[in-house]
Amino acid sequence: MYPSSSSSAAKDIPPTYPTLPRIQKASSSQDGPLPDIQVDHLVVGGGVVGLAITHALAKRFPEKSTFMVERHKRSGEETSSRNSEVIHAGLYYPPASLKTNLCLRGRELMYDFCKEHGIPHKQTGKFVVGNKESHDHLQGIVNHVKSLDENVENNIGALVAGRRQGPPLRIISGDEARQHEKDIGPEIAWVLDSSRTGIVDSHELMATLERLALDSESAEIVYDTSVVGIKPLQPTGTSGKRGSGDESMLGWIVETQTEGGEVDQLKARHVINASGLNGPAMLNALARDGYFGEGEGGMIGMWYSKGNYATYSRAKGGVDSVQRLIYPLPDMGGSKDKHGHQGLGTHLTVDLNGNIRFGPDTDWLRPSAHQTQADWWNQHMVALQPSSATINQAGEEERLDAMYESVTSYLPNIKRHGLSADYAGVRPKLVGPAGGFSDFTILHHTATQLQDQKVKQLAFNHDDAVQSKDARDALYVGSWQDSPQPSLITLCGIESPGLTSSLALAEVVSNLIGRRGWGTRLDAKSSVKGAQNEHAGMVDQWA
Ligand SMILES: Cc1cc2nc3c(=O)[nH]c(=O)nc-3n(C[C@H](O)[C@H](O)[C@H](O)COP(=O)(O)OP(=O)(O)OC[C@H]3O[C@@H](n4cnc5c(N)ncnc54)[C@H](O)[C@@H]3O)c2cc1C
């Protein structure tokens, strides 16, 4: 018997603290000349979230320069192309969480965006299936979702535009479900029917976001280039180029390295870090280099949970006519936290070509004792294979057996020999296997006085919002009248439903940049006045 994800072997996995190499270029001294390349917005990471942010910033701030840098040859090579491509309804997360709010908002933005730009998608609907004991559990989900219509707890709904509305949801009997999906097994007594769930072609979505950004006058994208260092540009005195008299020169020095090893630097007024599995690396590098008063003690830890997929050949039978996504109840991995599931269970998804896939399972990765290699998780990405890092040491056949056992509990006519290994993705987790629920995390820092800031400094202050008469102003840390701040926005723990939420995350980030970075009101639409985008076009020098 192999240890499972909820076993004690998995529970004590230590965190990894991703970081960046130290800044290396000689010209990076605080008093040296500024780099030739200077941009208004630098977005780090070309997954779906970085692309959505790049597009949103270019659209909202056409007078500003927006650059995106991605370390691979093309966008979406990591988590954004290794997921289930499901447009989630938003059923499972705490009412006040970013996950709930941004999933609800993001889902509707996603359907509209797909329609507007002809991106292949389908509102398939989803069945969550349970046995005769599961009615109360399913009813709990229905009650939770109903409460979302009114319960805008902590005013977090003010983050996103429009009235918050839970998705349509109902419980039907197993017999009624079998009239729609005849392959569902007789043990299934109760089914949650989530009609607003769907699927999207994530590659087309990313290609469209990329094209729209590049078509704008103000955005540029650089591939094959990694961000390898960051430091704040702080005031050096009362006179001189970077003195307090020249606030516009404040920002961040960012060091990049091309695939060929060429190191360069640029100055960015605002940096948005959407680097997925490397999310905390920039802040951790700043903490390591002593910019925060709390030093390395404040560094942010990450855990990595691999999800394996298997394809299923329809020709083998058992799911001949399936139309909807079919999920078991979420995998709680032993967590007592009702929102603390580790994955949504080994479910059935159908892609837009009708291909069937099962997964993802939950396979926590353990770093080796003296892990120094960056991105160590990358070498363990082969689907359904054991490795030195996987807690589950079962081989491919045994894992397929386990998947078969799991899915035949609700689709009994699936054939074992129809399953074969497909791909794997890694969830960027901010809590380990014993940790319970963890929300999307958006942090905001300013380049000035980092010494007085905390590493884990949230961008939104819910407590102030509750007490404030004007929740909309209090929600964003600091008020809009404050002088604009050279900002670093960090997105961490953007696991599922991150694809669904991507356009809403971009909306929130562009509001945050508008408000804290440029000093505009939340509802201002592209009204920012400022320097022209004189640096657009200089990217060739940098890449
Ligand atoms: C198994 C699995 C199933 C999922 N299923 C769903 C689903 O059905 N629906 C849903 O809504 N969500 C789902 N998700 C979540 C969703 O896939 C992610 O939330 C989303 O893709 C995250 O996008 P991202 O842009 O933040 O990260 P990523 O796609 O990881 O992009 C980050 C990018 O940053 C780049 N990068 C990193 N470091 C640097 C650096 N130093 N310099 C330059 N570039 C850098 C990387 O190369 C990468 O391209 C799933 C996730 C997993 C793992």
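Every number for a ligand or one of its atoms is a count from 1 in the order of the listing.
- With no hydrogens or angles considered, no side-chain donor-acceptor pair links His117 and Glu204 at under 3.5 Å.
- Of the polar atoms of Pro360, none of the N or O atoms is found under 3.5 Å from an N or O of ligand 1, judged by distance alone.
- Once rounded to the nearest 0.5 Å, the distance linking CD of Glu181 with CZ of Arg324 reads 5.0 Å.
- Residue, atom and distance of the protein heavy atom nearest to atom 42 (N) of ligand 1 are Val227 N, 2.9 Å.
- Formation of a donor-acceptor pair under 3.5 Å by the Asn284 side chain with backbone atoms of Pro18 is found in this model.
- Within the 4.0 Å heavy-atom criterion, the part of Arg82 lying near ligand 1 is the backbone and not the side chain.
- Remark: the backbone N or O of His380 is paired with a side-chain donor or acceptor of Lys306 at under 3.5 angstrom.
- Among protein heavy atoms, the minimum distance from atom 3 (C) of ligand 1 is reached at Tyr309 OH, 3.2 Å.
- In this structure, the protein non-hydrogen atom closest to atom 4 (C) of ligand 1 is Asn83 CB, 3.1 Å.
- Contacts with ligand 1 closer than 4.0 Å are made by heavy atoms of both the backbone and the side chain of Val48.
- Taking only nitrogen or oxygen atoms, main chain and side chain alike, Gly76 does not reach within less than 3.5 Å of ligand 1.
- To the nearest 0.5 angstrom, Thr225 atom OG1 is 9.5 Å from Asp264 atom CG.
- Taking any N or O of Glu495, backbone or side chain, at least one lies under 3.5 Å from an N or O belonging to ligand 1.
- Protein heavy atom closest to atom 12 (N) of ligand 1, with residue, atom name and distance, is Leu499 N, 3.4 Å.
- The distance from atom CG of Leu400 to atom OG of Ser420, rounded to the nearest 0.5 Å, is 7.5 Å.
- Taking only nitrogen or oxygen atoms, main chain and side chain alike, Glu78 reaches within less than 3.5 Å of ligand 1.
- Contacts with ligand 1 closer than 4.0 Å are made by backbone heavy atoms (N, CA, C, O) of Ala274 only, the side chain lying farther away.
- In this structure, Phe358 and Tyr312 have perpendicular ring planes: the angle between them is above 60°, well past the 30° mark.
- Distances below 4.0 Å separate heavy atoms of Ile494 from the following atoms of ligand 1: 18 (C), 19 (O), 22 (C).
- Among all protein heavy atoms, the one lying closest to atom 26 (O) of ligand 1 is Val49 CG2, 3.5 Å.
- Not a single heavy atom of Leu491 lies less than 4.0 angstrom from ligand 1.
- Using modelled atom types, one side-chain atom of His347 and one backbone atom of Gly359 make a donor-acceptor pair closer than 3.5 Å.
- Of all protein heavy atoms, the one lying nearest to atom 20 (C) of ligand 1 is Ser80 OG, 3.9 Å.
- Without hydrogens or angle criteria, Arg107 side chain to Ala89 main chain gives a donor-acceptor distance under 3.5 Å.
- If you check which protein heavy atom lies closest to atom 31 (O) of ligand 1, you get Gly47 CA, 3.3 Å.
- Atom CG of residue Leu102 and atom OG1 of residue Thr500 lie 11.0 Å apart, to the nearest 0.5 angstrom.
- If you look at Arg71 next to ligand 1, the close heavy atoms, those under 4.0 Å, come from the backbone and the side chain alike.
- Annotation: atom 47 (O) of ligand 1 to nearest protein heavy atom, Glu70 OE2, 2.7 Å.
- Inspection of the Glu85 and Ser202 side chains reveals an N or O donor paired with an N or O acceptor under 3.5 Å.
- On a distance-only criterion, Gly307 and ligand 1 share no N/O pair closer than 3.5 Å.
- In terms of N/O distances under 3.5 Å, ligand 1 is not approached by Gly425.
- Judged by distance alone, with hydrogens and angles left aside, the side-chain atoms of Thr100 form a donor-acceptor pair with the main-chain N or O of Pro94 at under 3.5 Å.
- Checked by atom type and distance alone, the side chain of Asp375 never pairs as donor or acceptor with a backbone atom of Asn378 at under 3.5 Å.
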Note to self: Evaluate Tyr327 against Leu91 for side-chain contact (heavy atoms from CB on, under 4.5 Å), listing each step before the verdict.
What the structure shows: CA-CA 13 Å; Tyr327 283 55; Leu91 310 182; over 6 Å; no
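- You'll find the ring centres of Phe292 and His445 inside the 6.0 Å limit.
- Residue contacts with ligand 1: Leu20 is placed with no nitrogen or oxygen under 3.5 Å of a nitrogen or oxygen of the ligand (distance criterion only).
- Residue contacts with ligand 1, taken as heavy atom pairs separated by less than 4.0 Å, do not involve Val228 at all.
- Residue nearest to atom 6 (C) of ligand 1, selected from Gly276, Ser496, Ser502: Ser496 (by heavy-atom distance).
- When only interatomic distances are considered, the shortest N/O to N/O separation between Arg427 and ligand 1 does not fall below 3.5 Å.
- At a 3.5 angstrom cut-off on N or O pairs, Ser501 does not count as close to ligand 1.
- Contact annotation for Val426 and ligand 1: only backbone heavy atoms (N, CA, C, O) come within less than 4.0 Å of the ligand.
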